[in-house]
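Please read all numbers here as calculations on a predicted model, not as lab measurements. Lettering follows sequence order; numbering is per chain, from 1.
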2 protein chains.
Amino acid sequence: MSLIPIRPGAQPGEGRAAAPAAESGRRDAARNRELLLCAAREIVEESSVDALTMDRLARRAGVGKGTVFRRFGSRAGLMMALLSDAEAEFQGRFMFGPPPVGPGAPPLERLIAVGAARIAWTLEFGELARAADASAHNRFDVPPAVLWHRHLEMLLREAGVTADPWLMASALGAALEPELLLHSVGVHGISPERLAETWRELVTRVVGGQ
Amino acid sequence: MSLIPIRPGAQPGEGRAAAPAAESGRRDAARNRELLLCAAREIVEESSVDALTMDRLARRAGVGKGTVFRRFGSRAGLMMALLSDAEAEFQGRFMFGPPPVGPGAPPLERLIAVGAARIAWTLEFGELARAADASAHNRFDVPPAVLWHRHLEMLLREAGVTADPWLMASALGAALEPELLLHSVGVHGISPERLAETWRELVTRVVGGQ
DNA sequence: ATGCTAAACGGACTGCGGTCCGGTTATATT
DNA sequence: AATATAACCGGACCGCAGTCCGTTTAGCAT
């Protein structure tokens, strides 16, 4: 799949060694990587994201624990690897897809649409995203997060928001964080539609529209 | 201190046993509690928040590890206990303090002021708050967080925000989360003034003002 | 003072994420 | 085919948060 591979098959360099890419040399490494991703998905759908521990994954895949960490760097890295296809597909949508999420629509419309899309995306893959964020030292500096943030910033600029678009993008982005969305839906029973509607209201007011 | 004690000297019930309050019976328990809080503060100022591990704290205070967990329930509970005075003081400011943070000023002014105050507060105590959030299952449901959220919601209502004030409060509150603020300042070198200014802009636009 | 009981105590124990290092193996070179 | 070497592999090991349970003790009632 991977329309916009953010370094395809590479994890965000956790330890010092960084990025044993998918195609570089050793075929057994690549094979183990797929083996592990496959086993990880099995564990997740059999039980839950929380059940996906590094030891368990290693034993399930029949490899040593060290191998798991060498491949993915950390638990967060593993989660991101599991998410990377879905993430890349989402990136493709807002960067090259059809309007109003993709380019071609007015910026405010794009903001509204991409927020709604993000909400839907999060409700589908959010458990993994939340787990990734949870044990992430630097969740804000990871490539997909940076790209997402820059995209929001760009849309805000295009929409005519002059005051510190960088911080505005941070503030608005915070309203779409998986932890918050999942909590709203899961604990308080808020519907996705209401989330999207409030996002629309929020972003409309921020760009000074209406 | 504790102007508005959120159950004074009690931790947000973590385990099943919950809330061995400060004054109830056994004086040794209360004594150990103070002993532990004191030792915890020592460790933090000698080293850092990260250096404050439960084992270390227990040994430093000369008690068993079980005692630490019985008193505070979890690491997050300990962090909240360490924060509780500062948190209570802040609550006092926005609920009963002088305007514009406290009551008496127009709602938009109060929103702007309380955000700025929150930013300053976070930059002072944020390390503890971040540590508390980090290992908190239910960081949104803890009393101070709920009170803060409801306060934002109330101000939004008073300011005439009709559309789903609950979610709007969540969204705006997310822009003031310790993790985000500390990241902006610490990693990207954003100044507190710029944070406050952007908050002013954001909240002004949201309430539809000028 | 003495005895009773509920509560507090300590520290061994578990499972987890993450690191390290000696042994192994795939690939390139000759 | 033999060799060299860089990368890979496994699993023992560490520190941490959190749990459990047998033991001790504070406070009360008599």
Side-chain angles (χ1 to χ4, degrees), chain A residues 10-36 40 43 47-80 131-137, chain B residues 11-36 40 43 47-80 131-138:
Chain A
Q11 86 287 29
E14 197 80 32
R16 60 272 135 223
E23 78 299 322
S24 90
R26 302 287 292 247
R27 253 188 302 279
D28 52 349
R31 182 179 47 80
N32 271 343
R33 182 169 214 278
E34 295 313 311
L35 196 64
L36 283 165
I43 292 174
S47 312
S48 73
V49 173
D50 298 315
L52 179 53
T53 70
M54 302 303 261
D55 292 86
R56 184 119 89 138
L57 174 58
R59 293 197 40 203
R60 173 73 163 244
V63 304
K65 192 177 179 177
T67 301
V68 181
F69 277 91
R70 198 169 323 96
R71 281 287 87 79
F72 301 107
S74 68
R75 193 176 132 97
L78 169 65
M79 297 301 174
M80 291 182 198
D133 290 353
S135 57
H137 27 220
Chain B
Q11 86 287 27
E14 197 78 34
R16 59 275 133 218
E23 78 299 321
S24 90
R26 301 288 290 249
R27 255 188 299 279
D28 52 349
R31 184 179 46 81
N32 270 342
R33 184 169 211 277
E34 295 313 311
L35 196 65
L36 283 165
I43 292 174
S47 312
S48 73
V49 172
D50 298 315
L52 180 54
T53 70
M54 302 302 261
D55 292 85
R56 184 118 88 136
L57 174 58
R59 292 196 42 202
R60 172 75 163 242
V63 304
K65 192 175 179 178
T67 300
V68 181
F69 277 91
R70 198 169 323 97
R71 282 287 86 78
F72 302 106
S74 68
R75 192 177 133 97
L78 169 65
M79 298 300 173
M80 291 182 198
D133 290 354
S135 57
H137 27 221
N138 56 345

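Taking only side-chain nitrogens and oxygens, R27(B) comes nearer than 4.0 Å to OP1 or OP2 of dG27(D). Contact between the side-chain N/O atoms of N32(A) and the OP1/OP2 oxygens of dC8(D) is not found at any separation under 4.0 Å. Listed pair T67(A) / dG10(D) meets the phosphate criterion, a side-chain N or O lying under 4.0 Å from OP1 or OP2.
In this structure, of dA8(C), dC9(D), dA17(D), it is dC9(D) that holds the atom nearest to the side chain of R71(A).
Comparing G64(B) and R75(A) by the nucleotide of DNA chain C that holds the closest heavy atom to each, the one mapping nearer the 5' end is G64(B).
Listed here is the closest heavy atom pair of A131(B) and V49(B): CB-CG1, 3.5 Å. Of all heavy-atom pairs between L57(B) and L36(B), the closest is CD1-O, 3.5 Å. In this structure, A61(A) and L35(A) approach most closely via the heavy-atom pair O-CD2, 3.5 Å. In terms of heavy-atom proximity, A40(A) sits nearest to L78(A) at CB-CD1, 4.4 Å.
Separating the CD1 atom of I43(A) from the C1' atom of dC16(C) is a distance of 14 Å, rounded to the nearest angstrom. One can place CZ of R33(B) at 12 Å from P of dC9(C), the figure rounded to the nearest angstrom. The distance between atom CZ of F69(B) and atom P of dT19(D), rounded to the nearest whole Å, is 7 Å. Between the C1' atom of dC20(D) and the CZ atom of R70(B) lies a distance of 11 Å, rounded to the nearest Å. Spacing between atom CG of L78(B) and atom P of dA17(D) amounts to 10 Å, rounded to whole angstrom units. When the C1' atom of dC9(D) is taken as reference, atom CG of L36(A) falls 12 Å away, rounded to whole Å. Here dA8(C) presents its P atom at 15 Å from CD of E34(B), a figure rounded to the nearest Å. Here dT25(D) presents its P atom at 12 Å from CZ of R31(B), a figure rounded to the nearest Å.
For the atom pair CZ of F72(B) and CE of M80(B), the computed distance is 13.0 Å after rounding to the nearest 0.5 Å. Atom OG1 in T53(A) sits 8.0 Å away from atom NZ in K65(A) (nearest 0.5 Å).
In terms of polar N and O atoms assigned as donor or acceptor, the side chain of K65(A) never comes within less than 3.5 Å of the base of dA12(D) in a complementary pairing.
If you check residues 49-60 of chain A against DNA chain D, you find no residue with a heavy atom closer than 4.0 Å.
Looking only at distances, a side-chain donor or acceptor of R75(B) sits under 3.5 Å from a matching main-chain atom of L52(B).
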